[in-house]
Amino acid sequence: MRKEENKKLTAAELPVGGIVEAGTAINFHTGSWRSQRPVWNKDKCISCLICWISCPDGSIKIVLNEKGTSVVNGIDYDKCKGCGICAKECPTKISAIAIEQERK
Ligand code: SF4
Ligand code: SF4
């Protein structure tokens, strides 16, 4: 993406419809929007991946374990907006992902 395409647009300058270009989420550091943050607890996580499926920002990080199975490996705070969906959907009911006030 060219530098001038990253400049912030005013509301009046935004095109009607609002979606400028698909697949650009990686270019934006939406973690700065967060007022609360999910905190993942590895010891309580059962690796069901429901949080990964549910996260609208793709902020749940996964890796392959030694058995070749996908498991959660943390949260990408550079992208996470703090919506809390992951904690809400987690079947461990706030044990494996807790929502806390953002620390500035
Ligand atoms: S709080 Fe929202 S954006 Fe952040 S990891 Fe959870 S579901 Fe994704
Ligand atoms: S939804 Fe909860 S238990 Fe399932 S992988 Fe995510 S943090 Fe772990």
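Quick caveat, the model's predicted, so the values are computed rather than measured. One-based numbering, in listed order, for ligands and for the atoms of each.
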- prompt: Going only through I, L, V, M, F, W and Y residues with side-chain contacts under 4.5 Å, is there a path from Trp52 to Ile75?
  reply: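 Hydrophobic grouping puts Trp52 with Ile75.
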Within reach of ligand 2, part of [X] (heavy-atom separation under 4.0 Å):
{"X": "Cys86", "result": "neither"}
{"X": "Ile46", "result": "both"}
{"X": "Leu49", "result": "backbone"}
{"X": "Trp52", "result": "neither"}

field: Residue Asp57 vicinity, atoms of ligand 1 by number, heavy atom under 4.0 Å
entry: 3 (S)
query: Which atoms from ligand 1 have a heavy atom of Gly84 less than 4.0 Å away?
result: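 Taking each heavy atom of Gly84 in turn, ligand 1 has 1 (S), 2 (Fe) under 4.0 Å.
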Heavy-atom side-chain contact between Val71 and Val63 under 4.5 Å: yes
query: For atom 2 (Fe) of ligand 1, what's the nearest protein heavy atom and its distance?
result: Cys83 SG, 2.3 Å
task: Return the minimal non-hydrogen interatomic distance between Gly84 and Ile99, and the atom names on each side.
output: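 The pair with the smallest heavy-atom distance is CA-CD1, 3.7 Å.
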statement: Smallest heavy-atom separation, Asn73 atom then Trp40 atom, equals C-CZ3, 3.8 Å
Quick one: pull up [atom1] in [X] and [atom2] in [Y] and give me the separation to the nearest 0.5 Å.
{"X": "Ile53", "Y": "Ile60", "atom1": "CD1", "atom2": "CD1", "value": "11.0 Å"}
{"X": "Cys55", "Y": "Ile97", "atom1": "SG", "atom2": "CD1", "value": "9.0 Å"}
{"X": "Gln101", "Y": "Ser35", "atom1": "CD", "atom2": "OG", "value": "6.5 Å"}
{"X": "His29", "Y": "Cys80", "atom1": "NE2", "atom2": "SG", "value": "15.0 Å"}
{"X": "Ile50", "Y": "Thr92", "atom1": "CD1", "atom2": "OG1", "value": "9.5 Å"}
{"X": "Ser95", "Y": "Ile46", "atom1": "OG", "atom2": "CD1", "value": "10.0 Å"}

Close-contact set for ligand 2 against [X] heavy atoms, below 4.0 Å:
{"X": "Cys48", "value": "1 (S), 3 (S), 4 (Fe), 5 (S)"}
{"X": "Ala96", "value": "2 (Fe), 7 (S)"}
{"X": "Ile97", "value": "7 (S)"}
{"X": "Val72", "value": "5 (S)"}
{"X": "Cys51", "value": "1 (S), 5 (S), 6 (Fe), 7 (S)"}
{"X": "Ser47", "value": "5 (S), 8 (Fe)"}
{"X": "Trp40", "value": "7 (S)"}

message: In this structure, does ligand 2 have an atom that sits under 4.0 Å from one of the heavy atoms of Pro91?
response: yes
- request: May I ask you to check whether Cys90 brings an N, O or S atom to under 2.8 Å from atom 4 (Fe) of ligand 2?
  value: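 Checking atom 4 (Fe) of ligand 2 against Cys90, no N, O or S atom falls under 2.8 Å.
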field: Gly82 to ligand 1, any heavy atom closer than 4.0 Å
entry: yes
- prompt: Within Cys45, is some N, O or S atom less than 2.8 Å away from atom 2 (Fe) of ligand 2?
  reply: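 For Cys45, the answer is no, given that no N, O or S atom comes within less than 2.8 Å of atom 2 (Fe) of ligand 2.
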- request: Evaluate whether atom NZ of Lys42 has more than 12 neighbouring non-hydrogen atoms of other residues, nucleotides or ligands under 6.0 angstrom away.
  value: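 At most 12 heavy atoms, drawn from other residues, nucleotides or ligands, come within 6.0 Å of this atom.
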task: With Arg37 as the cation and Tyr77 as the aromatic partner, state whether NZ or CZ is under 6.0 Å from the six-membered ring centre and within 45° of the axis.
output: yes
- prompt: Any idea which part of Ile60 is under 4.0 Å from ligand 1, heavy-atom wise: side chain, backbone, both or neither?
  reply: side chain
- request: For salt bridge (charged side-chain N to carboxylate O under 4.0 Å, His left out), just list the numbers for Asp57 and Lys81, CA-CA rounded to whole Å, side-chain angles, deciding distance to a tenth of an Å, and then say yes or no.
  value: CA-CA 8 Å; Asp57 288 310; Lys81 297 190 190 102; 2.7 Å; yes
- request: Just go through Cys55, Ala87, Gly74 and tell me whose heavy atom is the nearest to atom 8 (Fe) of ligand 1.
  value: Cys55
- request: Run down the list Pro56, Ser59, Cys80 and name the one with the heavy atom closest to atom 4 (Fe) of ligand 1.
  value: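 Nearest option to atom 4 (Fe) of ligand 1, by heavy atoms: Cys80.
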